[in-house]
Amino acid sequence: MKVLVIGGGGREHALVWALRKSPQVTEVLCAPGNGGIAQLARCIPVDPGNLHEMVNIVALEQPALTVIGPELPLSVGLVDELVKREFRVFGPTQAAAMLETSKAFAKEFMQRHDIPTAAHAICVNLEEVHEELRRFTMPVVVKASGLAAGKGVVICNSHLEAEEAAAQMFSGTLLGTAETEVVLEEFLTGEELSFFALCDGTHAIEIASAQDHKRVGEGDSGPNTGGMGAYSTDGIATPAMRQWLLRNIAQKTVDGMNSEGNPFKGVLFCGIMMTPRGPMVLEFNTRFGDPETEAILLRLETDIVDLFNASINGTANQLMIQMRPGASVCIIAASGGYPGKYASGKSITGLRTTGEQSDDVVVFHSGTAIKDDQLVTAGGRVLAVSAVAPDLQAALNKAYAELAKISFEGMQFRRDIAHRALRQEPK
Ligand code: AMP
């Protein structure tokens with residue numbers, strides 16, 4: 001079968017890589033793809049925010065399955081348009097994707113369905129922010145309601161700081177677009193966990209859990225990024241805890257969306273804080289995470305096409321997802337200056353070609369391009385160096401050894417990926 005993947009980052013490279021391993025797949029296309037994906041799939045240029053362009057590609061190419069990577073195509077309703085035209089597509093409808101595209105919707109939804117989350121207030125102007133702040137102790141979390149590529153959350157230590165952050169969100173100076181809603185949230189403490197569930201509108205089943213590293217600097221310092229690395233292990237949560245998260249968060253969300261007439265299909269990524277009061281939802285994403293996917297898919301033993309089909313057909317309850325035991329990691333090599341200003345077009349050396357790579361160490365491309373037959377940087381996050389092994393330390397050793405061979409001008413990466421888990425891992 002012919003499969004089209006929409007998107008062009010490390011997550012999509014990992015999806016294309018997993019699809020290429022499936023005996024059910026004969027051809028993979030990717031729109032727009034990137035310099036690394038081009039080695040595995042035919043890439044088609046597209047603007048992932050342009051609905052017509054994307055629909056036209058599907059109509060022209062007639063893939064048997066379309067898989068949507070990023071949130072932007074979901075938010076503009078690509079799934080709805082493709083379903084209308086009777087194409088098979090993996091991902092949620094625009095209405096179901098509101099769990100991610102509107103934090104205000106997600107908070108009210110969780111309240112309606114008794115899903116544990118931080119106390120909050122939704123404000124539509126600065127007067128409301130001023131008024132509601134009285135109910136919060138400091139620090140308080142101020143969140144832009146709409147999509148913000150990880151930049152819409154500000155932790156504030158005073159009312160004044162919170163009002164300033166909200167003002168910048170309403171005016172558009174923080175994110176480039178003016179927000180109509182701002183969410184104030186109780187500050188939670190604890191370990192963070194990303195829990196991934198496959199959903200088919202009725203059922204939710206567990207895929208895996210992971211942890212990512214959002215801050216640019218070692219020791220979790222410096223500004224937030226899209227993610228500087230991630231890891232996934234068997235022991236990241238106990239089997240009892242995973243069951244609890246599946247039942248009380250993922251399945252409850254699927255049931256709630258179903259009862260409201262917006263069945264949720266696709267990947268539900270639950271960002272959880274393990275607080276002293278129990279697990280609480282920080283946010284939902286309605287797609288695979290980046291860079292968690294680059295770590296998780298290395299461990300996936302089940303044919304990924306079976307996951308997509310189970311979600312589309314409503315048969316996820318009949319699927320057992322097998323993950324390779326042990327651990328996997330992903331370390332991001334980023335451009336110097338990221339997440340601030342950075343240069344592009346720097347030539348990358350030391351990469352093995354796809355043919356030379358093993359299935360245990362894979363370098364996925366996040367932001368690369370081919371210029372004059374040379375692979376160059378083309379984004380803030382450039383490469384996602386990923387490895388799988390029987391334990392975390394071995395996976396890290398493999399990934400860092402691979403990374404040591406690679407260089408480009410200004411390259412930066414964190415040397416402490418999975419540091420907290422490593423301290424807890426039994427010797
Ligand atoms: P979000 O995009 O909502 O997941 O937020 C991004 C990051 O901000 C999370 O991964 C947390 O580290 C932090 N964060 C978000 N909400 C809270 C909260 N209520 N309390 C503490 N930290 C938070």
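Just follow the structure's listing: the first ligand is 1, and inside any ligand the first atom is 1.
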Spacing of CG belonging to L396 relative to CD1 belonging to I417, to within rounding of 0.5 Å: 8.5 Å
Within-cut-off N or O pair, N224 and ligand 1, under 3.5 Å: no
Side-chain (R20) to main-chain (V28) donor-acceptor, under 3.5 angstrom: no
Salt-bridge criterion met for K103 and E181 (N-O under 4.0 Å): no
E186 and ligand 1 - part of the residue with a heavy-atom distance under 4.0 Å: backbone
Residues in salt bridge (Lys or Arg N to Asp or Glu O under 4.0 Å) contact with E53, at least two apart in sequence or another chain: none
Ligand 1 contact on L282 by region, counting heavy-atom pairs under 4.0 Å: both
Any M280 heavy atom less than 4.0 Å from ligand 1: no
Geometric class of the F308/F288 ring pair [parallel <30°, tilted 30-60°, perpendicular >60°]: perpendicular
Heavy-atom nearest neighbour of atom 8 (O) of ligand 1 within options V142, D220, V140, V153: V153
Per-atom contacts of ligand 1 with F187, taking only distances under 4.0 Å to non-hydrogen atoms: 20 (N), 21 (C)
Aromatic F136 / basic R134 pairing, under 6.0 angstrom, 45° off normal: no
Contact list for residues 216-257, test ring-ring contact (aromatic ring centres under 6.0 Å, His included), sequence neighbours left out: none
Enumerated ligand 1 atoms positioned under 4.0 Å from heavy atoms of K214: 10 (O)
Those atoms of ligand 1 less than 4.0 Å from some heavy atom in K143: 3 (O), 15 (C), 16 (N)
R215 and D416 ion-paired at < 4.0 Å: no
Interfacing atoms of ligand 1 (cut-off 4.0 Å, heavy-atom, M273): 21 (C), 22 (N)
Option with minimal heavy-atom separation from atom 20 (N) of ligand 1, where the choices are V154, L188, V183: L188
Nearest candidate to atom 9 (C) of ligand 1, where distance is taken over non-hydrogen atoms, out of E192, K103, E185, R215: E192
